[in-house]
Amino acid sequence: MPELPEVETITKYLNKHISGKTITDVLVLSKKQFPQDPRLVIGAKIESVNRRGKSTIICLSNTKAMIVHLRMTGQLIFMKGIFNRYETGKQIPLSGGSELPGKSTRVIIVLDNGKLFFNESRKFGAIRIAEDVGADKEISKLGPEPFNKEFSIDYLKNVLKRTAKPIKALLLDQEKIAGIGNIYASEILFDAKINPNRSAKSLCEKEIKKLFNSTLSILREAIGYGGSSASDEAYIKPDGARGLYQNYARVYQRDGKPCRKCKSLVKRVVIGGRGSFYCPSCQKY
DNA sequence: CTGCGGTCCTGAAGGC
DNA sequence: TGCCTTCAGGACCGCA
């Protein structure tokens, strides 16, 4: 699913390829995924594409912005030029087939240099138009960005000591830290050698320091690999290529397989209603 | 404040 | 083969 590293990969790509382009049309195939009036953005120029947490923020020349949240199965695919499948010769390996628009295409944003497809099979994700991104209901509640200096060992210490929630659940809390989802929460905890069920406030200073460092190093590594595109994950890059992190995952979806470090079998447990993966030997309670 | 369970939604996987 | 059930999950909401 698209978490910070995946959305970072998407926004970097789009910022490079669609900044400066003009929105000539918006085709809304599913109103729920684009509930506002498309005329609010048609004719506007894209100034930049940025990320905040797991949201893609497309800043427009008319002082508005489009906020895209991909939830679990969302994709943003960019096809340069005017095309159909016979003309392009380019097969895009989408999860639901190789054609665009596909079965899960919900919105097509037409630009003067190509088309941006918003695919979302589950229909949980959506695009909304905001006048003031900072005031947006979801964006305004987000905690610090992991790569921002606001996120520090001291900050983490303060947040952790306030709650007895399992540390895994806390890492997923977007109000505490923005951008971590189910894949990287498990991966970070493995790297930090912390059991996902440990109460947040039970972590000692040394563990908090390790957790901080693991958060940054795992996210940085995942960005380097262009995110994670396991077979059952919808995420692919805007050019249709797959991310590579799944080949290097330590524990995520590796239950029953040997731990890469100690060969014990990786376990799956449910924490806060979500599947969580860990090595019972490397991450003792 | 916390935590729990239901809600949205669809495709994949499992059972018979 | 094919139908039916179950499950997964990010964020939110109502309830205890």
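Lettering follows sequence order; numbering is per chain, from 1.
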Original post:
For nucleotides 11-16 of chain C, read 5' to 3', which letter fits each nucleotide if B means a protein heavy atom sits under 4.0 Å from the base, S means only the sugar-phosphate is that close, and - means neither?
Top reply: BSS---
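L265(A) forms part of no hydrophobic cluster, judged by ILVMFWY side-chain heavy-atom separations under 4.5 Å. Clustering of Ile, Leu, Val, Met, Phe, Trp and Tyr side chains at separations under 4.5 Å places I57(A) together with I67(A), V133(A), I139(A), L142(A).
Judged by distance alone, the side chain of Q33(A) and the main-chain N or O of G125(A) form a donor-acceptor pair under 3.5 Å.
The side chain of K165(A) lies closest to dG3(B) when the candidates are dG3(B), dC8(B), dA8(C). Of the candidates dG10(C), dG3(B), dT10(B), dG10(C) carries the atom nearest the M1(A) side chain, counting heavy atoms from C-beta on.
Atom P of nucleotide dT10(B) and atom CD of E120(A) are separated by 10 Å, given to the nearest angstrom. Atom CD in Q253(A) sits about 13 Å away from atom C1' in dA12(B), given to the nearest Å. Note: NZ (K201(A)) to P (dC1(B)) measures 15 Å, nearest angstrom. Rounded to an integer number of Å, the gap from CG of N182(A) to P of dA8(C) is 11 Å. Taking atom CE on M72(A) and atom C1' on dC8(B), their separation rounds to 9 Å, with Å as the unit. For E3(A) and dA8(C), the CD to C1' distance is 14 Å, given to the nearest whole Å. As a whole-Å value, the separation of F124(A) CZ from dG6(B) C1' is 12 Å. What separates NZ of K32(A) from P of dC8(B) is a distance of 9 Å, to the nearest Å.
Taking five base pairs at each end of the helix from dT2(B)-dA16(C) to dC16(B)-dG2(C) and finding the rotation axis that steps the C1' atoms of four pairs onto the next four gives two axes whose angle is 50°, to the nearest 10°.
Sequence neighbours left out, not one pair with a member in residues 37-57 of chain A passes ring pair (Phe, Tyr, Trp, His ring centres under 6.0 Å). Counting only residues at least two apart or in different chains, ring pair (Phe, Tyr, Trp, His ring centres under 6.0 Å) contacts with residues 253-280 of chain A comprise Y252(A)-F277(A). Residue pairs meeting the side chain to side chain donor-acceptor pair (under 3.5 Å) criterion with at least one partner in residues 259-269 of chain A, sequence neighbours excluded, are absent.
Salt bridge E8(A)/K12(A): present, at least one basic N to carboxylate O contact under 4.0 Å.
The structure places OG1 of T9(A) at 4.0 Å from OH of Y235(A), a figure rounded to the nearest 0.5 Å.
Within 4.0 Å (heavy atoms only), D232(A) reaches no atom of the nucleic acid at all.
Under the side-chain contact (heavy atoms from CB on, under 4.5 Å) criterion, N247(A) pairs with L244(A), sequence neighbours left out. In this structure, the ring pair (Phe, Tyr, Trp, His ring centres under 6.0 Å) partners of F212(A), at least two apart in sequence or on a different chain, are F151(A). Residues satisfying the salt bridge (Lys or Arg N to Asp or Glu O under 4.0 Å) test with R198(A), not counting sequence neighbours, are E207(A).
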Let me have the donor-acceptor pairs involving side chains of residues 214-223 of chain A, under 3.5 Å, with sequence neighbours excluded, atom names and distances please.
residue	atom	partner	partner atom	Å
S214(A)	OG	D191(A)	OD2	2.8
S214(A)	OG	A192(A)	N	3.4
S214(A)	OG	K210(A)	O	3.0
S214(A)	OG	K210(A)	NZ	3.3
T215(A)	OG1	L211(A)	O	2.7
S217(A)	OG	N213(A)	O	3.2
S217(A)	OG	S214(A)	O	3.3
E221(A)	OE1	R250(A)	NH1	3.2
E221(A)	OE1	R250(A)	NH2	2.8
E221(A)	OE2	R250(A)	NH1	3.1

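Using a 4.0 Å cut-off, some side-chain N or O of K123(A) falls inside it from OP1 or OP2 of dT10(B).
The stretch residues 266-273 of chain A comes close to DNA chain C through R268(A), each having a heavy atom under 4.0 Å from the strand.
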